[in-house]
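Structure, as structure tokens:
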Amino acid sequence: MHRVNLNQVTFNQQVFDHASFGIFLISPDGLILIVNPAMEKMFGYSQAEFDGKRIGDFSHPDEAQTYIDDLKALLSNESEVQIEGRYIKKNGEIMWGLLSFKLFCNETGNPMYYIGQMIDITKQKESERRLQESVERYTSLKKYNHDAVISFGLDGRIINANSMAEKLTGYWIETELIGMKLSNLIGNENVSKILEKSLFDNSIEHDIDMLVTKDGNTVEVLTSIAPIFVGGHNIGFYLICKDISEQKKLLLAKEAAEATNQAKSEFLAMMSHEIRTPMNGVVGMTDILLDMTDLSEEQRSCIEVIRKSGETLLSIINDILDLSKIEAGRIELQEEIFDLHKCIKDSFSVISGRAEIKNLTLTYTLHHNVPDNIYGDPERLKQVLINLLGNAVKFTSKGSISVKVEQLTGDPDKLVFTVTDTGMGIDPARLNDIFEPFAQVDSFMSRRHEGTGLGLAISRRLVHMMGGEIRAVSDGINGSSFIFTIRLKEAPGLSREQDFEQTLNNAINTSILLAEDNPINQLVMSKMLEKMGYRVTVVSNGKEAAEAAHNKHFDLIFMDLHMPVLNGLEATQIIKKSLKEKSPRIIAVTANALKGDREKCLAAGMDEYISKPVKREAVMKLLRQFAII
């Protein structure tokens with residue numbers, strides 16, 4: 001081991017003692033001989049604790065330890081060497097240090113000792129780390145951004161760009177984009193605007209909506225501009241461009257779809273009007289004929305065929321229109337207190353004829369805890385029941401069909417309806433599919449039963465509107481059950497015990513005006529109302545309706561919407577404006593029955609809305625509603 005005579009070591013003692021950085025002497029063998037106070041303070045060790053240690057003994061485990069042989073190798077070509085590394089203090093803290101070494105030799109050139117200096121650079125390293133992280137975040141943001149990012153200087157030339165800019169423009173970054181004039185991409189005028197105004201005018205970026213590519217094509221873009229500041233001075237800008245070509249395509253596709261949907265709605269409205277209007281005559285006139293008492297059995301049978309055929313055609317029309325209206329959110333529940341027993345019986349009466357032909361037994365049961373009168377939409381509930389019962393009759397060749405109503409276990413505010421048949425059953429794999437529009441239990445090519453395949457789809461949507469769910473249960477062999485729920489509601493302002501009867505007026509003293517331009521519909525509606533005992537005045541257009549209402553008092557007006565001279569909406573507005581509070585109740589009569597029709601009618605001042613073909617039950621319900629029956 002080399003011994004070092006410290007008396008032979010010459011250095012400035014004052015600097016050694018009072019330096020802010022660590023100073024230490026190392027023997028040729030690499031042992032620490034002496035350290036200054038700054039070194040003791042830096043590491044937390046005393047002079048005695050440093051004695052006999054090597055500087056590598058304080059190195060961080062992850063660092064390559066620095067021993068004397070390493071220093072010799074580094075010093076072979078240099079008189080002094082500097083090394084950065086991590087060190088462990090006595091208290092366990094990690095310190096970054098800048099280590100400097102210098103070798104001192106005697107007259108013969110043999111090593112005498114090394115002087116080392118240690119500077120704590122922990123704070124600098126932390127600053128460097130944060131700066132590096134910031135640079136990496138910026139680089140990542142730029143490199144992996146889904147938008148094109150282009151930086152350019154105040155001379156209008158591109159400084160750099162990311163890979164998305166390369167992809168969007170078609171230019172290579174290194175060989176083409178860097179140094180290129182930005183005007184090649186966005187035009188001279190836009191570059192000038194950015195350089196002159198964008199620092200104080202954010203609207204400049206809205207004018208840049210196109211980017212010219214290398215092959216001369218244009219790309220639609222959404223642009224953002226951000227200034228680049230260094231040392232408080234603006235040295236350039238970022239141009240950030242989002243390719244919105246695909247979004248534009250989607251927008252155009254959306255607009256096309258909306259236009260198609262609008263055309264579909266208009267077509268449905270037109271077809272509804274064109275088909276429902278003559279159907280009003282067919283169904284209405286057969287009802288009147290069947291009321292006659294002097295018909296022979298053969299005549300009555302023929303009229304029944306006409307009525308059933310008309311109702312079948314009307315059912316198909318209603319299914320298609322109902323599905324369109326429900327899907328578009330164009331149906332509202334018309335809620336009232338109604339007799340649940342009567343609702344089920346009315347549903348049975350619709351399918352009882354077909355059930356009787358097959359000798360099917362029809363039964364229904366209401367659990368003792370189910371109220372007789374409930375608040376809801378009887379027509380929509382009936383529609384669901386008729387759909388399910390109609391399917392049950394269709395697919396049941398023998399046996400029975402039953403309806404059971406009970407409270408939902410654990411939720412007394414919900415009623416459970418179960419429609420069960422002994423028919424052919426449903427493949428368990430298709431129990432969910434059958435609720436999709438146009439689905440049939442039997443396939444289209446081989447099916448033996450008529451129908452649009454919309455009944456169950458409509459039923460599911462109506463049940464959802466009534467606050468419930470619907471499902472089917474079947475093993476595919478022993479019949480099937482359709483189970484649905486509806487949520488019970490409290491009638492606003494009414495008690496459950498309140499009956500349907502409204503204040504009765506003498507029909508003879510009630511005067512009704514019918515505004516209808518179709519002669520068949522005039523005949524059907526007037527005959528229907530006259531058979532109920534009302535006095536009816538008929539006019540053929542909106543102008544005549546407004547004049548009649550001005551010259552004579554009417555209690556109620558049935559107003560067709562589509563009439564010559566003045567339509568129903570225009571006539572209503574004139575009547576309401578001229579008669580004010582003395583205006584009669586006005587009921588819109590239309591064959592359209594699509595979303596928005598009822599709202600338009602009410603906005604025009606009409607009091608209610610009824611669709612063609614007009615049935616006696618619907619008319620009586622309105623007359624009861626306005627207390628003139």
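Numbering of residues begins at 1 and proceeds along the displayed sequence.
Counting only N and O atoms by type, the side chains of Ser481 and Thr420 include a donor and acceptor under 3.5 Å apart. The closest side-chain donor-acceptor pair between Asp560 and Thr590, if any, does not fall under 3.5 angstrom. Side chains of Asn387 and Ser459: a donor on one and an acceptor on the other come within 3.5 Å. Side-chain contact check for His464 and Glu469: at least one donor-acceptor pair (N or O, by modelled atom type) lies under 3.5 Å.
Smallest separation of non-hydrogen atoms from Ala545 and Ile575: O-CD1, 4.1 Å.
Within 6.0 Å of the NZ atom in Lys382, the count of heavy atoms belonging to other residues, nucleotides or ligands exceeds 12. By the neighbour-count criterion of 12 heavy atoms within 6.0 Å, atom CD of Glu255 is densely surrounded, having more than that number from other residues, nucleotides or ligands. Atom NZ of Lys414 has more than 12 heavy atoms from other residues, nucleotides or ligands within 6.0 Å. Counted within 6.0 Å of CD1 on Ile520, heavy atoms from surrounding residues, nucleotides or ligands total 12 or fewer; the atom is thus considered open. Environment of NZ in Lys404: sparse, with no more than 12 heavy atoms of neighbouring residues, nucleotides or ligands closer than 6.0 Å. Other residues, nucleotides and ligands contribute over 12 non-hydrogen atoms within 6.0 Å of the CG atom of Asp207. Counted within 6.0 Å of CZ on Arg471, heavy atoms from surrounding residues, nucleotides or ligands total 12 or fewer; the atom is thus considered open.
Using a distance-only test at 3.5 Å, with no hydrogens or angles considered, a donor-acceptor pair links the side chain of Ser474 to the main chain of Ile426. Between the side chain of Lys358 and the backbone N or O of Val393, at least one donor-acceptor pair lies under 3.5 Å. A distance-only check finds no donor-acceptor pair linking the side chain of Ser301 to the backbone of Glu297 [under 3.5 Å].
A distance of 9.0 Å separates CD1 of Ile351 from CD1 of Ile386, quoted to the nearest 0.5 Å. If you take CZ on Arg487 and CD1 on Ile374, they are separated by 13.0 Å, rounding to the nearest 0.5 Å.
Contact check for Ile512 versus Ile557: no side-chain heavy atoms found under the 4.5 Å cut-off. Residues Val463 and Arg460 form no side-chain contact, since every pair of their non-hydrogen atoms from C-beta on lies 4.5 Å or further apart. Side-chain contact between Val614 and Val619: present, with at least one pair of heavy atoms (C-beta onward) separated by less than 4.5 Å. By the 4.5 Å heavy-atom criterion applied to side chains, Thr510 and Leu556 are not counted as neighbours. Between Asp243 and Glu220 the shortest side-chain heavy-atom distance does not fall below 4.5 Å. Counting only heavy atoms from C-beta outward, the side chains of Leu385 and Ile344 approach each other to under 4.5 Å. A heavy-atom distance below 4.5 Å is found between the side chains of Phe482 and Ile434. Two residues are said to be in side-chain contact when any heavy atoms from C-beta on lie closer than 4.5 Å; Phe348 and Leu389 meet this criterion.
Test Thr218, Val219, Val221 against Ser245 for side-chain contact (heavy atoms from CB on, under 4.5 Å) and you get one pass: Val219. No option in Asn373, Asp346, Asp372 other than Asp372 meets the side-chain hydrogen bond (donor to acceptor under 3.5 Å, both in side chains) test with His341.
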Under the salt bridge (Lys or Arg N to Asp or Glu O under 4.0 Å) criterion, do Glu547 and Lys543 qualify, and how do the steps go?
CA-CA 6 Å; Glu547 291 172 349; Lys543 184 173 182 294; 2.7 Å; yes
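A salt bridge is defined here as a Lys NZ or Arg NE, NH1 or NH2 lying under 4.0 Å from an Asp or Glu carboxylate O, and Lys576 with Asp607 meets this definition.
In this structure, Phe484 and Phe417 have parallel ring planes: the angle between them is below the 30° cut-off, well short of the 60° mark.
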